[in-house]
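Here is the structure we will look at.
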Amino acid sequence: MIPVAEPYFVGNEKKYVNEAIDSGWVSSIGEFIGRFEKGFADYCGVKHASSCCNGTAALHLALKAYNIKEGDEVIVPDFTFVATAAAVKYCNAKPIPVDVEEKTWNLNPDKIEEKITSNTKAIIPVHIYGCPAKMDEINEIAEKHSLKVIEDAAESHGAEYKKKKTGSLGDCGTFSFYGNKNITTGEGGIITSNDSEFIERINFLKDNAMNKEKRYWHNEIGYNYRMTNIQAAFGLAQLEGLDKINQIKRNNAKLYSEKLSEIGNFQLPFEPDNCKNIFWLYTLLLEKKTKVKRDKLIKKLKQRGIETRNTFYPISQMQPYKSEESFPVSFGISERGISLPSSAKISEKEIDYVCESIKEILE
Ligand SMILES: *Cc1c(COP(=O)(O)O)cnc(C)c1O
């Protein structure tokens, strides 16, 4: 089976993990935590980063640190992985879905303001599949209405918007290091920001809100959302190869797009001007007129040993987030989208095979 995603080991993973084990510091204290956080912050071009146990926890911590609470509303794209909206619910606040753009599949800035009320506190743009969202427009709206901007950069490590890395463009950024992301720590997450007080607050909340002066004294409810030293050691090695991984994935995306544009029937992934897409999952949409439907294509490809994935379901269609409203662009992507094998380990021959198979099935 050619997988949709698989981890790509860069080189120093075993070495650093062994060093962490040899140091005796296997839990959430140890030198690799700081080295990984500093390395990731430098990579993104921000002053600070705070590691945590996964990307969902990173979102939750960021929202908590901005004091998002019951009665508050947070703007999210209708087309995203569920964690973006679930984290808002963890704070007893309300995720407000907004439709996405046709080309980038990211939060549509033209649709945000009509959803802003006196309860709106934040916007969470997602850089979906590695494609940067329209951050200038989103930041401008946020500034006008005094809203926080939390970039959900879980799918966009190293992606760039006007030469700046995602995770450095809003008030803060959150990342995931799940096994299928461009770099991984097994499970893991991180929060990036230039605001030192905010990062201190994150550090406090992820450590059970332990009082700094008085150990085991807690004036607030916190969480245990820490990353381990072993994960950070692994992550540091992965970070050394992030640019290489992204380069491979960009090359693979180019190969896919060249071959698939010859076949037709698709809307291909997009790279806006002034942006660098890192193509986390190479995802395309079947055009409405295509006779073979998405789910059939997935099934037929599987029979040929090719794993693919359907796109996310609209947030507004799922029970906990249910809305009566219709979001045509998001619904269309959800219905007709398919992610192809996107691992950095995939060969040119395998890309050929995937494209040939698609061609035959459509014929
Ligand atoms: C993967 C992902 C997350 C959550 O990350 P986990 O580490 O799996 O908790 C959040 N948002 C988006 C857009 C994601 O793709």
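Remember, it's 1-based here, ligands and their atoms both numbered in the order they're listed.
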In terms of relative ring orientation, are [X] and [Y] parallel, tilted or perpendicular, with 30° and 60° separating the classes?
{"X": "Phe79", "Y": "Phe312", "answer": "tilted"}
{"X": "His157", "Y": "Phe177", "answer": "tilted"}
{"X": "Phe40", "Y": "Phe36", "answer": "tilted"}

Polar-atom distance check: Trp280 versus ligand 1, any N or O pair below 3.5 Å? no
Purely on distance, is any nitrogen or oxygen of Glu187 under 3.5 Å from one on ligand 1? no
Identify, by atom number and element, the atoms of ligand 1 in contact range of [X], meaning under 4.0 Å from any of its heavy atoms.
{"X": "Asn54", "answer": "7 (O), 9 (O)"}
{"X": "Thr80", "answer": "13 (C)"}
{"X": "Ala83", "answer": "4 (C), 10 (C)"}
{"X": "Val126", "answer": "13 (C)"}

I'd like the name of whichever of Glu155, His127, Lys181 reaches closest to atom 2 (C) of ligand 1 through any heavy atom. Lys181
So which of Thr174, Thr185, Asp152 gets nearest to atom 11 (N) of ligand 1, if we judge by its closest heavy atom? Asp152
Within the 4.5 Å heavy-atom criterion, are Thr84 and Pro95 side-chain neighbours or not? no
Apply side chain to side chain donor-acceptor pair (under 3.5 Å) to residues Glu187 and Gln231 and explain how you reach the verdict. CA-CA 8 Å; Glu187 294 272 4; Gln231 289 171 311; over 6 Å; no
